[in-house]
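Step one of this worksheet: look at the structure below.
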Amino acid sequence: MTPRPDNETILPTESERLFLYAFFKRLRDAGRTFLLQSDILDLIAGAEEAIDGDLDASSPLRKVLATSMNAAFNDPWLVVETRPAIGRWCCGRFHLDQLSYETITTSELMRFREALIDGPDAQAELAIEYDGAAFLNDVPLMKDRRHIGRGVEYLNRTLANRLFTDPDKRLSTLHDFLRLHHHKDRQLMLSQRIETPGEMRDAVDEARVLLADIPADTPWAAIRNSLTALGLLAGWGDTAGRVLETLDLLSEVIDAPSPSVIEDFLSRVPMIFSVAIFSPHGFFGQSNVLGLPDTGGQVVYILDQVRALEKEMRERLRIQGIDSDPEIVVVTRLIPDAGNTGCDIPEESIQGTRNARILRVPFTRPNGEVLPQWISRFQVWPYLERFAFNSVKIILAELGERPDLVVGNYSDGNLVATLVAEHLEVTQCNIAHALEKTKYLFSDLYWRQNEDQYHFSAHFTADLLAMNSADFIITSTYQEIAGSETSVGQYESYSAYTMPGLYRVTKGIDIYDPKFNIVSPGADEDVYFPHTEKDRRIGDLADDIERLLHGDFPGAVSHFDDREKPIIFLMSRLDQVKNVTGFVEWFGRDPRLRELANVFIIGGCTALEESDDEEERREIEHLHRLIHGHGLHGHLRWVPKQSDKIFNGELYRTIADRRGIFVQPAQFEAFGLTVIEAMTSGLPTFATIHGGPLEIIEDGVSGFHIDSNHGEAAAKRMVEFFERCQREPGHWTEISRGGIDRVEARYTWRLYASRLMTLSRVYGFWKFVSHLERSGARAYDRLFYSSVYRPIVERMG
Ligand code: UDP
Ligand code: LCN
């Protein structure tokens, strides 16, 4: 958020005065202190009605109000935070009596809000202020919102244009960089005898001449001696042809670097032999875990990611002529009281990989005592620093040297990755999965009210620091970074915010920073495939599925009176935001939908006494109340979580055979792996517009959007769909096919792994060339960590 240098005042025209007068009258009547965008739009509509819509739509002051994402009101001031374009923010205030408007700084806006929470005498002037604006001067920020999430392309252009204008500097940077590469004790790429950039250039030229006369398929072993004599070691390629291509690319980078050549060259440099992935919270395991509290998509994502990544790393090393097995470790929490989840086992191989493994490190108290029980992801903060440094020791012992890349997952894993990457000086990649800040209304302003349960004070601080320290950030969708024209992105919400009494952020992150890249996950193609692929189906599971749907099944609640109706299927953790209860309410209230279909829910526990999680327990109670209250026995069946994904894959397909649908009704869903699992199985999917599904599904083509704030309309869309399918049976198949095609084109692990490996190299190189520029920002964040974050978690105990 860039505060305007000088306050700008806009005086209203005559018609704007009338409009503002009507708007402010309604604002006063509403009596609200904090307003959301939807409240402001409602007030605008009311005001326009009052003045018979007699206002020019391009009126600057109307625009200010219409682009306000939130506002704070304390008569006679209305302070607004406007978003004239994606990722661009401005602050201003209206005087209700003078009908005037002027821009203000972000700090002024924050102070106004803080005073509304803590009273006018609060020590707002002395608040701690995080202002990262100065450090962003060193970052080549993008300008066009269409480039957001494609940071690597922009970075390559910057590297080509800005950094490489001086040919001598370019050559010496490349020389320094290529001399760095080694694996274990073995030097790669350039031998130490190439001491100067000029010598490197000569060696490259000579080798190209030499290789031009050698058949392209000659193996590295046959050319090794002659190239080593020139100072070129393993890593250039596995055959003469490949080595020549890599040398040609280097030569182009030296002479006339273009963005794509830089990327092509870097993607061949053998930089990534080992990766450490952090995912501390939840139950991270390979069986009996999915659907437990805090244990869902992130676990599925990481295990699938590891399998794809190992394959990609192995292949890249092979074609670069390096005979070495890549190593991947996933570091998670060891939970001594782990039930049947296996989370008490210190080391475990990852199925479907040759060499990847899970390492489990316990949480310890300051006196070294091990924490025995599972704790929620909101309670982990006091344990993470010790966890990070204990993990470092274990990783170094396991890998024999530091990893080449660390990847954090979710807020806690990203904080650990920050500490580890900084300590070991390696490239850091963050994956948020689901930032909590935008999930809860005014979670920053009212942080105190949520503190006992959610500890957002620590959570958001950790997010801020981890986002800033990451070399690059991967997101599953565009909206995760930047929202849309009308909604704020999850990352964007960290641009500026205040937590009154704790600290304020006037410049947190900038979503035009090229560190953001959209790399979407996939759904395991061996498990989730179209129901029409009959020869791949697992017939053996038919009886078990029948029992799950209709038979005597442990924990099952209710049954279907009419088994012939199509099934509306829901599967998720029983978190409040997943909104399973919301959906049941819509279903209960829509007699036509009840006539047309049955509802089948897989989620959490069905018995209260089986859950230890506060939020899940509330949802269990609520769901039972709704089933009873709406008389849904016979129309809805609910069974506890099912963690066997092979079985779940066949279940999606069975429900598709019977022309059912999948519904994801969340109040907010960061990405939504179930959405792509269902789609690729061929189940027409209705999913929330709040979050990832908005981008995954093309409405009416590969599924349908529903708005969880308008349940009645959502239920109506399902009714319309079922009715249309009765009239035109081809419609079901058309949407089913649309979903399958969409996932095939956009959401595959193969694409993901290749992209991640390229990004790791490009950002690793960028880190190398911009090392000094970032040192100020790092020192600032370290200070913030020790003076703000650490005291917060110490207070947590
Ligand atoms: N899942 C499961 N059993 C359950 C609930 C969920 O196997 O009872 C799986 C589901 O198939 C998906 C993941 O857990 O792979 C949930 O991921 P999603 O992204 O939909 O939501 P999250 O739980 O991560 O918020
Ligand atoms: C966490 C979530 O809440 C989901 O929306 C994602 O699909 C999952 O992580 C994997 O990234």
Side-chain angles (χ1 to χ4, degrees), residues 86 148-150 296-302 304-305 409-411 414 430-440 463 473-494 511 516-524 528 570-573 575-580 582-583 652 661-681 683-709 714 738-749 751-752 755-756:
I86 285 176
I148 293 174
R150 289 160 48 193
Q298 182 170 323
V299 176
V300 175
Y301 180 120
I302 294 171
D304 287 348
Q305 171 202 43
N409 290 275
Y410 189 71
S411 307
N414 289 328
N430 282 13
I431 306 174
H433 294 283
L435 291 166
E436 302 290 341
K437 192 159 174 291
T438 40
K439 278 194 196 169
Y440 304 83
D463 282 338
I473 292 176
I474 284 184
T475 71
S476 300
T477 59
Y478 179 93
Q479 65 78 35
E480 189 178 337
I481 311 169
S484 65
E485 297 292 343
T486 52
S487 66
V488 180
Q490 293 177 60
Y491 277 98
E492 192 182 5
S493 75
Y494 290 79
I511 57 169
F516 290 100
N517 285 281
I518 304 163
V519 188
S520 306
D524 184 345
Y528 305 106
L570 285 82
M571 176 166 72
S572 70
R573 292 177 292 117
D575 251 23
Q576 186 198 315
V577 282
K578 295 288 182 186
N579 202 28
V580 174
F583 172 79
Y652 282 118
I661 63 173
F662 185 77
V663 177
Q664 216 298 2
Q667 287 153 359
F668 182 80
E669 183 63 62
F671 180 70
L673 286 175
T674 53
V675 172
I676 56 172
E677 291 164 3
M679 284 165 71
T680 199
S681 307
L683 264 180
T685 299
F686 289 68
T688 182
I689 53 165
H690 302 291
L694 180 69
E695 220 165 300
I696 301 173
I697 293 174
E698 309 134 294
D699 190 44
V701 177
S702 42
F704 298 94
H705 293 154
I706 52 174
D707 183 348
S708 46
N709 294 326
I740 295 168
D741 292 347
R742 177 77 174 163
V743 175
E744 233 172 63
R746 294 282 285 267
Y747 303 104
T748 74
W749 284 112
L751 288 174
Y752 175 102
R755 202 70 199 131
L756 180 56

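Between Asp524 and Val300 there is no side-chain heavy-atom pair separated by less than 4.5 Å. Between Pro521 and Ser476 there is a side-chain heavy-atom pair separated by less than 4.5 Å. Taking 4.5 Å as the limit, some side-chain heavy atom of Glu436 sits within range of a side-chain heavy atom of Tyr410. In this structure, the side chains of Tyr652 and Thr680 stay at 4.5 Å or more apart for every pair of heavy atoms. In this structure the side chain of His433 never reaches within 4.5 angstrom of the side chain of Phe671, judged on heavy atoms. Residues Asn709 and His690 are in side-chain contact: their nearest non-hydrogen atoms beyond the backbone lie under 4.5 Å apart. Taking 4.5 Å as the limit, some side-chain heavy atom of Met679 sits within range of a side-chain heavy atom of Ile696.
Judged purely by atom type and a 3.5 angstrom limit, Asn414 has no side-chain atom pairing as donor or acceptor with the backbone of Asn430. A donor-acceptor pair is defined here as one N or O able to donate and one able to accept, closer than 3.5 Å; such a pair exists between the side chain of Thr688 and the backbone of Ala666. Using a distance-only test at 3.5 Å, with no hydrogens or angles considered, no donor-acceptor pair links the side chain of Ser681 to the main chain of Leu683. Panel note: side chain Gln664, backbone Val675; no donor-acceptor pair is recorded below 3.5 Å. With Glu695 contributing its side chain and Gln479 its backbone, the two residues share a donor-acceptor pair below 3.5 Å.
A centroid separation of less than 6.0 Å is found between the aromatic rings of Tyr752 and Tyr301. Tyr528 has its ring centre no less than 6.0 Å from the ring centre of Tyr747.
Atom CZ of Phe583 and atom OG of Ser572 lie 11.5 Å apart (nearest 0.5 Å). Note that OG of Ser520 is 11.5 Å distant from CZ of Arg755, once rounded to the nearest 0.5 Å. Thr475 OG1 to Tyr491 OH: the interatomic distance, rounded to the nearest 0.5 Å, is 7.0 Å.
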